[in-house]
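Note that ligands are numbered from 1 as they come in the structure, with each ligand's atoms numbered from 1 the same way. One is the number of the first residue; the rest follow in order along the sequence. Just so it is clear, the values below take in all heavy atoms, side chains as well, and ignore hydrogens, waters and symmetry mates.
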Amino acid sequence: MTQQTYPRRHIIGIGAGALAVLALPQLARGQQLPLTPQCDADAKATPPQTEGPFFKPRSPLRSDLRAELKGSPVLLTGFVLTRDCRPIANALVDLWHADADGDYDNRGFRGRGHQFTDAQGRYRFLTVKPARYTGRTAHYHVKVQAANGPVLTTQLYFPGEPANRRDGLYRPDLEMRFSGAADARFDFVLSRG
Ligand code: FE
């Protein structure tokens, strides 16, 4: 598995600035996560999936990907957890996905961004729903990594998509949970945090 290098130490160094960006009012209006993650004491690790052909390293540090994307907004939030349900602070969450036409930006970084979980182990992205493309149902690609841990590469799916049934990669346990049309929740459980 390819290990990606992210400027983690540098990011910590500019922590105050990064927090100011995350505290934008438009983010604050989103879904409030419960303080305690919902998981078992011996939770199943989030299953890995193929990276696919469109991953690009060194995505921008940002949680709002909508500036360059059209489409239905999605607020994707959740925790990064250990298998015994402990939140992991400062874990990397790197998201990339197709746009509303089913295209990836392979020249620039449209539809790509990474961030680190906060002190409570939470992440939050504002983005859009990707369109399905040939052979694939709608999905997000994600890499998740605790500091100095292995990279989990996986994909997230939308519930109720007719194309899920025709996509050989789709798995119901990688579906996001929606509360309302735009509020998506997925908690990642790392096999080794
Ligand atoms: Fe894809």
Side-chain angles (χ1 to χ4, degrees), residues 1-6 30-31 44-81 91-117 123-146 149-191:
M1 187 175 295
T2 309
Q3 294 285 326
Q4 299 302 326
T5 55
Y6 292 84
Q31 178 190 22
K44 191 164 90 59
T46 302
Q49 291 217 296
T50 177
E51 174 179 286
F54 301 119
F55 174 69
K56 277 182 71 171
R58 292 178 289 280
S59 70
L61 172 69
R62 59 180 175 184
S63 54
D64 190 343
L65 309 189
R66 294 175 309 166
E68 306 159 305
L69 291 169
K70 298 185 194 116
S72 308
V74 173
L75 174 63
L76 171 61
T77 59
F79 287 89
V80 177
L81 302 165
L92 166 77
V93 185
D94 192 354
L95 175 73
W96 75 102
H97 62 82
D99 63 17
D101 295 319
D103 295 322
Y104 287 85
D105 181 6
N106 297 311
R107 295 186 174 181
F109 288 94
R110 197 164 44 84
R112 302 172 188 272
H114 77 273
Q115 63 182 264
F116 296 92
T117 53
Y123 73 92
R124 145 181 294 224
F125 282 105
L126 268 167
T127 188
V128 302
K129 182 176 178 181
R132 60 191 174 89
Y133 54 90
T134 306
R136 296 304 319 277
T137 190
H139 61 280
Y140 292 129
H141 292 270
V142 192
K143 287 182 184 283
V144 184
Q145 182 185 26
V151 177
L152 165 69
T153 302
T154 192
Q155 302 186 31
L156 302 180
Y157 297 93
F158 291 77
E161 291 287 312
N164 287 346
R165 294 193 302 272
R166 301 188 295 272
D167 186 325
L169 287 174
Y170 163 80
R171 317 178 34 140
D173 55 357
L174 289 173
E175 271 190 4
M176 296 167 280
R177 268 192 296 123
F178 275 78
S179 54
D183 287 336
R185 166 85 182 262
F186 192 89
D187 294 351
F188 296 97
V189 179
L190 299 184
S191 58

Judged by atom type as modelled, is there a donor-acceptor pair below 3.5 Å linking the side chain of Arg62 to the main-chain atoms of Arg112?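 Yes, the answer is positive, given that a donor and an acceptor are paired below the 3.5 Å cut-off.
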Indicate yes or no for a side-chain donor-acceptor contact from Asp99 to the backbone of Leu69 under 3.5 Å, with no hydrogens or angles considered. no
Using a strict threshold of under 4.0 Å (side-chain N to carboxylate O), is an ion pair present between Arg185 and Asp183? no
Is the Tyr133-His139 ring centre distance short of 6.0 angstrom?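 Ring centres of His139 and Tyr133 closer than 6.0 Å.
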Indicate, with yes or no, if the rings of Tyr140 and Phe186 have centres closer together than 6.0 Å.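 Aromatic pair excluded; centres sit 6.0 Å or further apart.
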Give the ring-plane orientation class for Tyr170 versus Tyr157, where under 30° counts as parallel, over 60° as perpendicular and anything between as tilted. perpendicular
Residue and atom, protein N/O/S, under 2.8 Å of the Fe ion (ligand 1):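 Only Tyr104 OH, Tyr133 OH, His139 NE2, His141 NE2 fall inside 2.8 Å of the Fe ion (ligand 1).
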